[in-house]
Amino acid sequence: MRDPVTGKPLRALVIAIDAGHGGQDPGAHGPGGRREKDITLAIARELARQVNATPGYRAYLTRDSDFFIPLNQRARLARQAKADMFVSIHADAAENPAARGSSVFVLSLKGASSQRARWLADTENAADLIGGVKVAPGNTLASVLLDLTQSGNMRASEHAAGEVLSGLAQLGPNHKDTVERANFAVLRTSDTPAMLVETAFISNPEEEQRLSNPASQQAIARAVLGGVNSYFSRQPPPGTLLAAQLEARTQAVASVATGGTGGSP
Ligand SMILES: [Zn+2]
């Protein structure tokens, strides 16, 4: 399909899906022995399958098997794939085995929205240490530049994350019903709306079962994609199928409006 205005082929929206952890970094463990890295890969693959089955979308997986990728490399891969959005998939863990539900996080370079969000970002950022990545001392200029580009991106990320959180609410009560913020290294993408989804608690025996069940994995993927699609349907980037569809709807409404006024010859 081509853009009705420019005649150029319409491009697909690229959703970068990042399966958290991998390789020597297993992530969290469930009481039944399930590993976060396997669950995130299964959900990420299912999400990619659903994204590719949706007209106007294309999925990009940062990893499609069990290997380790440094956190900053994940965003770089997404950028190379010209991603329009970055979604990192994880499973949460807590000492309290009753803790349950989904939460969605966006990047904040200026403090976290809660103690737990800060703790979680520290835990997730430790992946690089587990993987043996030498973390360079903070480059001040780079972080100032990142800060500037991020501020415009923050709103887009929060908005998109809010849609995904609403999608997940349809599966059951969310762990947190607002989008949380913390300094997640994997979300430092600079120019793409980015979020980290803690799908459910692998530390909760019931949720560990659910996270390992293909039907539930499909439902989680469907909920995430529903949120992504609500976000992009409202503000589709120019030159995409969604933008052309929105334009067609707007024109249809306009022609009904003019046709309905009457009196014209
Ligand atoms: Zn994780």
Side-chain angles (χ1 to χ4, degrees), residues 16-48 61-75 77-78 85-97 99-108 112-133 135 157 161 164-165 168 171 174-176 179-189 194-205 207-212 216-217 220-221 223-224:
I17 304 162
D18 175 52
H21 311 278
Q24 60 266 50
D25 168 24
H29 288 264
R34 303 284 183 163
R35 298 175 303 185
E36 184 184 358
K37 67 171 183 176
D38 301 323
I39 283 167
T40 60
L41 183 59
I43 295 173
R45 278 181 175 152
E46 172 58 23
L47 179 56
L61 283 166
T62 56
R63 71 176 176 97
D64 58 4
S65 58
D66 183 21
F67 56 88
F68 176 80
I69 318 174
L71 294 173
N72 66 353
Q73 192 64 29
R74 294 170 187 256
L77 287 168
M85 185 176 283
F86 181 87
V87 182
S88 191
I89 301 288
H90 288 259
D92 214 333
E95 271 185 33
N96 175 4
R100 61 181 305 132
S102 312
S103 22
V104 183
F105 295 82
V106 295
L107 177 68
S108 164
S113 53
S114 68
Q115 284 286 354
R116 176 159 158 78
R118 177 178 302 121
W119 174 85
L120 197 66
D122 288 346
T123 312
E124 297 293 5
N125 291 348
D128 273 351
L129 301 174
I130 297 163
V133 177
V135 180
S157 295
V164 169
L165 197 63
L168 288 163
L171 302 178
N174 281 327
H175 185 65
K176 271 287 245 198
V179 172
E180 290 226 68
R181 299 180 302 276
N183 196 354
F184 289 92
V186 75
L187 297 182
R188 295 176 199 148
T189 62
M195 71 186 80
L196 185 143
V197 180
E198 296 284 0
T199 48
F201 280 81
I202 193 174
S203 50
N204 175 319
E207 293 211 328
E208 181 187 22
Q209 283 300 319
R210 197 160 70 79
L211 283 167
S212 317
S216 303
Q217 292 170 348
I220 291 168
V224 172

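Counting starts at 1 for both ligands and their atoms, in listed order.
- For the 3.5 Å distance criterion, the side chains of E198 and H175 fail to qualify, holding no donor opposite an acceptor.
- Around the Zn ion (ligand 1), the protein contributes the following N, O or S atoms at distances under 2.8 Å: H21 NE2, E36 OE2, H90 ND1, E124 OE1, E124 OE2.
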Check: For K37 and D25, what are the C-alpha separation, side-chain angles and deciding distance, and is it a side chain to side chain contact (heavy atoms under 4.5 Å, CB included)?
Finding: CA-CA 8 Å; K37 67 171 183 176; D25 168 24; over 6 Å; no
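- For R34, there are no salt bridge (Lys or Arg N to Asp or Glu O under 4.0 Å) partners at least two apart in sequence or on another chain.
- Put simply, the side chain of S108 never gets that close to the backbone of A182: no donor and acceptor are under 3.5 Å apart.
- A side chain to side chain contact (heavy atoms under 4.5 Å, CB included) with L47 is found for one member of L61, I17, I220 and no other, namely I17.
- With respect to H21, the side-chain hydrogen bond (donor to acceptor under 3.5 Å, both in side chains) criterion is satisfied by exactly one of R35, E36, R63: E36.
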